[in-house]
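Accompanying notes for the structure given below.
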Protein chains: 2
Amino acid sequence: MRRSELERRAAAAASGSAVTLEMVAREAGVSPSTVSRILNGTARVRDSKVRAVEAAIAKLQFLPNPVARSLAGGKSMSVGVVTQAIDSPFYGVSLAGIEKGLLRAGYSPLFVSGHWREGDERSCVDHLLSRRVEGIILMTSRLPDEELVNLARSVPLVVTGRRVDGDRVYCVDVDSTLGARVATDYLIGQGHRRIAFISGPPDHPDALQRLDGYRAALAAGRIPFRSKLVAAGDYLEAGGQAAINALLDARVEFTAVFAANDQTAYGAMLALHRRGLKVPQDVSVVGFDDLPTSAFIVPPLTTVHRYTDEIGEGAAEAIVDLIERRTPHARVSAPTLAIRESTRPWRD
Amino acid sequence: MRRSELERRAAAAASGSAVTLEMVAREAGVSPSTVSRILNGTARVRDSKVRAVEAAIAKLQFLPNPVARSLAGGKSMSVGVVTQAIDSPFYGVSLAGIEKGLLRAGYSPLFVSGHWREGDERSCVDHLLSRRVEGIILMTSRLPDEELVNLARSVPLVVTGRRVDGDRVYCVDVDSTLGARVATDYLIGQGHRRIAFISGPPDHPDALQRLDGYRAALAAGRIPFRSKLVAAGDYLEAGGQAAINALLDARVEFTAVFAANDQTAYGAMLALHRRGLKVPQDVSVVGFDDLPTSAFIVPPLTTVHRYTDEIGEGAAEAIVDLIERRTPHARVSAPTLAIRESTRPWRD
DNA sequence: CAGGGCTTTGAAAGCGCTTGCAGAAACTAG
DNA sequence: CTAGTTTCTGCAAGCGCTTTCAAAGCCCTG
């Protein structure tokens with residue numbers, strides 16, 4: 001069934017003769033306007049005609065041309081998605097969620113990557129605008145707040161990974177501060193006092209939030225914050241590795257490491273291993289993100305689980321709400337801690 | 001500069017007044033056709049007018065509307081990309097390559113996921129066709145050969161991960177058989193004789209190729225193939241884990257494991273660890289794909305490196321060639337072995 | 001059964017751009 | 001300087017669909 005349709009369509013396209021709305025109209029003995037109205041539900045149409053048109057559509061295997069639709073209706077039924085790295089294990093899951101949520105509502109996603117560069121991101125947005133998208137989802141954008149607010153004047157925006165207040169801007173995000181807090185609390189609860197923190201890139205809003213959460217947990221645990229325990233990472237494995245090496249070279253003592261994301265944690269674990277330190281016997285490690293792989297590395301990583309798919313679906317839902325002038329209410333669950341085997345209690 | 005343009009555009013869109021080609025024509029004192037011709041280089045135009053139009057374009061910040069362009073010109077400047085799982089770490093890198101290659105040639109990608117399901121894949125293709133893409137890239141498609149050949153009558157195709165012969169079909173792929181051969185050869189060269197193989201899903205062409213390569217290497221090394229050494233995996237971590245457990249439970253003896261992909265290898269390593277076997281001291285492990293993470297797990301994984309970005313860029317290049325009626329010649333480099341620390345020589 | 005008020009429907013005018021066609025302009029040659 | 005070419009360039013007709021506007025049809029009521 002589906003199969004033959006595909007073939008028919010293929011043949012049609014090959015011969016350059018796609019079925020048009022007009023052909024349907026003729027076949028059904030009504031005017032194009034009527035067909036259009038039935039298709040879009042923009043007006044009541046006599047039942048008998050509805051049936052005739054539906055029959056014609058089925059017979060001709062008509063599929064409306066979205067391009068013509070966009071042009072005529074001024075709406076493209078597509079939304080732009082600016083991600084930073086389509087190949088990052090982290091974004092992948094969100095993107096899948098976005099795709100799912102958008103398709104369900106009849107929109108198609110247009111993915112483009114900003115590569116963490118402000119300039120690239122700007123041209124992505126331009127590109128999307130020129131494609132007449134009806135909304136844009138920005139994953140952890142780097143553009144300044146004010147620019148986003150401004151952009152929102154022309155097209156609704158959903159941003160993830162940071163907070164921006166504006167008229168047609170909606171933020172869907174997990175609470176990174178809370179996640180970091182939970183992770184650090186856990187470590188403290190396990191008896192750790194000297195907890196190193198490997199940060200993310202300092203120009204990343206959520207990296208800062210994670211640091212805040214770490215500090216808040218320390219404060220709550222009456223442990224003084226010591227900047228020597230904080231090492232700079234870059235959200236990548238290499239950064240985590242370098243950070244541990246730096247810490248160890250500086251002879252900083254710690255019994256646990258909280259890495260700002262899982263990739264950082266992987267790098268950290270490798271560095272510890274190379275220096276002869278065992279996880280979790282000598283050092284406990286906690287990550288953030290809970291990448292699919294994290295449950296399978298050796299040892300399985302204790303990490304902050306964030307509901308990444310929810311971010312994606314939530315973002316999709318919110319942008320659709322915004323486009324259709326409803327008030328979005330998408331929320332994502334609070335992060336939780338997935339306790340696995342890279343941590344253990346500490347007793348001095 | 002860029003900044004202000006974006007703002008201007010935003011404002012324009014907000015007030016519903018995008019700059020049109022006609023406005024440019026008026027500003028430059030020529031007809032719309034002339035502007036169009038200059039834009040597309042479809043005809044010679046007097047120098048003075050070219051300059052006038054260019055000035056007008058710059059002044060008005062005109063950006064042609066791709067939707068109108070598609071409708072009028074019958075070409076959408078977009079190509080569909082059917083991937084199986086946008087969130088798989090493996091596809092990510094290819095997708096990035098595709099995006100890069102396509103954008104460079106002026107096309108935009110439309111990503112959709114088939115989720116490894118034939119039905120989903122079919123609707124993806126339908127969706128893309130309805131969006132009037134000019135070409136489709138299918139990443140490891142599941143559709144039958146004949147259907148693809150047929151589809152190619154309506155739109156040029158590039159398929160990865162398998163071979164299909166047809167008129168407007170081009171395959172870009174790494175040689176999985178060779179990759180598997182290289183990996184297994186290496187293990188044999190290190191003195192291993194009992195090499196287990198964890199396969200991929202049997203309905204996956206490249207999974208079969210990997211098995212072939214494994215067998216070919218054994219044959220070349222005069223080692224009899226033993227089916228007990230082959231365990232079924234699913235290209236995911238869990239499958240690798242289960243496979244090792246099955247092997248161990250069946251008391252199959254082996255000193256090395258060749259996993260059909262890296263994710264499988266991760267799962268295998270975890271299972272070995274849980275059973276108290278050390279990698280590489282007790283068992284050597286080799287993977288396939290060389291995911292970015294593989295260099296950072298403990299121990300860093302020896303694995304077949306495939307130039308995934310080349311697959312993406314090659315696919316993009318090929319589809320553009322096909323669309324523009326040139327003969328594609330994109331090739332991807334042969335896989336190589338990234339030797340790291342999950343393997344060691346074996347002496348009985 | 002005429003008149004009023006709704007509902008249903010078609011004609012036609014676009015949406016912004018491309019392109020075939022034919023007239024205008026610019027050259028060349030005689 | 002004119003006829004014959006070769007270049008330019010504008011007009012107008014779409015691409016396939018949406019949407020306004022007004023005419024047509026329908027159902028009541030008095």
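First the proteins, then the strands, lettered A, B, ... as listed; each starts at 1.
Atom CG in A:L71 sits about 9 Å away from atom P in C:dC15, given to the nearest Å. Rounded to an integer number of Å, the gap from A:L63 CG to D:dC17 C1' is 14 Å. To the nearest angstrom, P of C:dT8 lies 17 Å from CG of A:N40. Atom-to-atom, CZ of A:R26 to P of D:dG16 comes out at 12 Å; the value is rounded to the nearest Å. The separation between A:E22 atom CD and C:dG10 atom P is 13 Å, rounded to whole Å. With rounding to whole Å, A:K75 atom NZ is found 11 Å from D:dT18 atom P. Separating the CG atom of A:D47 from the C1' atom of C:dT7 is a distance of 14 Å, rounded to the nearest angstrom. Across the protein-nucleic acid pair, A:I38 atom CD1 and D:dC17 atom P stand 14 Å apart, rounded to whole Å.
Side-chain contact, B:S78 with B:R131: no donor N or O sits under 3.5 Å from an acceptor N or O. A donor-acceptor pair shorter than 3.5 Å can be found between the side chains of A:T34 and A:S31.
Residue-level contact check: B:S36 touches the bases, meaning some heavy atom is under 4.0 Å from a base atom. B:T34 comes within 4.0 angstrom of sugar-phosphate atoms only, judged by non-hydrogen atoms across all strands, and of no base.
Counting heavy atoms from C-beta outward, B:R168 and B:L157 have side chains that stay 4.5 Å or more apart. Counting heavy atoms from C-beta on, the side chains of A:P328 and A:I319 never come closer than 4.5 Å. In this structure, the side chains of B:D145 and B:R162 come closer than 4.5 Å at one or more pairs of heavy atoms.
At least one side-chain nitrogen or oxygen of B:K49 sits closer than 4.0 Å to the OP1 or OP2 atom of D:dT9. Taking side-chain N and O atoms only, A:R37 has no distance below 4.0 Å to OP1 or OP2 of D:dT19. OP1 or OP2 of D:dT7 has not a single side-chain nitrogen or oxygen of B:R46 nearer than 4.0 Å. Contact annotation: B:S31 side-chain N/O to D:dG10 OP1/OP2 distance is under 4.0 Å.
Taking the C1' atoms of five terminal pairs at each end of the helix from C:dC1-D:dG30 to C:dG30-D:dC1, the two resulting helix axes are inclined by 50°, rounded to 10°.
Taking for each of B:P32 and A:R44 the nucleotide of DNA chain C with the nearest heavy atom, the 5'-most of the two is the partner of A:R44. Positionally, the nearest nucleotide of DNA chain D for B:S48 lies more toward the 5' end than for the other of B:S48 and A:A68. Across the interface with DNA chain D, nearest-nucleotide mapping of B:S33 and B:G73 shows B:S33 to be the residue nearer the 5′ end.
With C:dT9, D:dT18, D:dG16 as the candidates, the nucleotide lying closest to the side chain of A:N65 is D:dG16. Looking at the side chain of B:A43, the nearest of the listed nucleotides D:dT9, C:dC17, D:dC11 is D:dT9.
Under the 3.5 Å distance criterion, the side-chain polar atoms of B:S94 are left unmatched by any main-chain donor or acceptor of B:I311. Remark: the backbone N or O of A:M139 is paired with a side-chain donor or acceptor of A:Q84 at under 3.5 angstrom.
Other residues, nucleotides and ligands place more than 12 heavy atoms under 6.0 Å from the CD atom of B:E324.
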